[in-house]
Amino acid sequence: MAKINIPEFARYVENYIAYSFDRENFLMRLVEESLSTPYQKEGVCFCHNTELALRLLKTGYDSLRDVRSRDYSIAVAKAMQEFAEPFPSGDYNLCYPHFLLHGLELGTLEGVVGKIRNNSRIIHETLAIRAKVAHEYDVKEFVPVKGVEMPVDPNNGAHFVEGFHTALSTAFCYGLCEDFFGITLALGKQCSGHPRGSNYIVKVSFFLDTTKKEIYIITIQGKQFSEGMNNEVVRVKNEKFWGMLTTRLGTSPRTFLLKKVMEWGKQNGYERIKVIRAKDHPLTIEQHKGFLANYEPVVIKAGINQENGCYLEAKLENMVNENE
C-alpha cells in the first residue's frame, strides 16, 4: 500500500494557490525538493506533469467560496492518499493527473473531493480490466486503402511509393500520456506494425466505470501533419492521404473510431458514454501547444450531444440503435 506525505503534499498545494503569481520561482523550488531522490519516493509521482496537477487543483479551489486554502489543501491531499493506496509501496508510481484531476470546478469542497475520489475509482476499475480489454480485440479488422501514396520509410518522411497498396487495422492498447491509466483504440497502417498509443493515424482513449457501466472518453485525436516541414510535397501528400481515407471509410477517421468504441461499449454492457468537453480538458487548461481542442463537432455528429457539466454524453443504447 503506497502512502503519500499528506502534510507535505498539502503544503505544496497551499503554496501554489498562494504564490502562483511567482510561478517560476515556486516551480524551481518544487522541482529541487521533490526530484532530489525520485526513485526512493513513496506514493505517486507526477514527474513533468507536476505543474499541471497543481494547476488543476488550483482550478478546483478557484471555483469555491469561503473555503480556506489550508482546509482545501488538506482535504485534496487526503483524497490523493485514497488514490495512491492500491499502488505498491516503495515503487516509483508514475501518475499522469489528466483524468484523475479533471472536472474539479464544482463550487463546493465536498464536490471537488468527491470528484477526485470518483475519478480515482474509475481509474482503478479501468486498470483492473485493462489487460483483458487490450488483448481481446487482437487486430481482427482490416480496412484496405488502395491507390494511396504513403510514406514507407519512417526515417525519411519524403520517401513515397506511387500507388502503394496497404491496409489499416484497429486494436486496443494501453494509454501512454494523458490516457496513461486508460485504454486506447488506435487505427494504424498495417505496414507500420501493430497500432498502439504511439503509432496511430487516429486514436480514441477512454476509461471504464465498471460499477455504473459508463465509458469516459478523454482523447479523440488524429495525427497532426508535421509542422515546420519545408517539404511542401510531403504535406500535400499527407493531406491527400487523409482525404482519401475519409472517402474510403465513409466518414471522418475520428468519427469512424469513436463509433467503434460506442459499438464495443454496447456489446459489452456499457450504458452511457461521456466525453470530456474541449474547454474543460486538462490539456486546454494547461494550454498545451500540441493540443487542438477541435473534436466536439465529431462528438456531436456521433450523437453525443447532451451537456452535463464538463461532459457531452449520451445513452449508448439510443445511439447504437440509431446507427444500425
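Partners of Glu286 by side chain to side chain donor-acceptor pair (under 3.5 Å), not counting sequence neighbours: none found. Under the side-chain contact (heavy atoms from CB on, under 4.5 Å) criterion, Ile6 pairs with Ile4, Ala77, Lys78, Gln81, sequence neighbours left out. Checked against side chain to side chain donor-acceptor pair (under 3.5 Å), Asn308 has the following partners two or more places apart in sequence or in another chain: Glu313. For the side chain to side chain donor-acceptor pair (under 3.5 Å) test, residues two or more places apart in sequence or in another chain that qualify with Glu82 are Arg117. Evaluation of the side chain to side chain donor-acceptor pair (under 3.5 Å) rule for Ser73 yields no partner, not counting sequence neighbours.
In this structure, the side chain of Arg55 engages the main chain of Ile285 through a donor-acceptor pair within 3.5 Å.
Atom NZ of Lys212 has 12 or fewer neighbouring heavy atoms from other residues, nucleotides or ligands inside a 6.0 Å radius.
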Determine whether Ser205 and Glu178 satisfy the following criterion, side-chain hydrogen bond (donor to acceptor under 3.5 Å, both in side chains), listing intermediate values before the conclusion. CA-CA 9 Å; Ser205 302; Glu178 76 284 352; 5.0 Å; no
Under 3.5 Å donor-acceptor pairs involving side-chain atoms of residues 95-105, not counting sequence neighbours:
unit_1, atom_1, unit_2, atom_2, d
His102, ND1, Phe99, O, 2.6
His102, NE2, Tyr311, OH, 2.6

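Looking at Ile217 and Ile276, their side chains never come closer than 4.5 Å, going by heavy atoms from C-beta outward. A 4.5 Å side-chain heavy-atom check between Leu258 and Ile304 finds at least one atom pair inside the cut-off. Residues Leu185 and Trp264 fail the side-chain proximity criterion, which asks for heavy atoms closer than 4.5 Å.
When each of Ile220, Val202, Thr251 is paired with Leu257, the side-chain contact (heavy atoms from CB on, under 4.5 Å) condition holds for Val202 and for no other.
For the residue pair Pro253 and Thr246, the shortest heavy atom distance occurs at CD-OG1, 3.4 Å.
The aromatic rings of Phe87 and His124 sit tilted relative to each other, their planes meeting at an angle between 30° and 60°.
A salt bridge is absent between Lys274 and Asp209; no separation between the charged side-chain nitrogens and carboxylate oxygens falls under 4.0 Å. Salt-bridge formation is detected for the pair Glu8/Arg11: a Lys NZ or Arg NE/NH1/NH2 atom is positioned less than 4.0 Å from an Asp or Glu carboxylate oxygen. Lys279 has no carboxylate O lying under 4.0 Å from a charged side-chain N of Glu296, or vice versa, which leaves the two without a salt bridge.
To the nearest 0.5 angstrom, Leu57 atom CG is 7.5 Å from Ile17 atom CD1.
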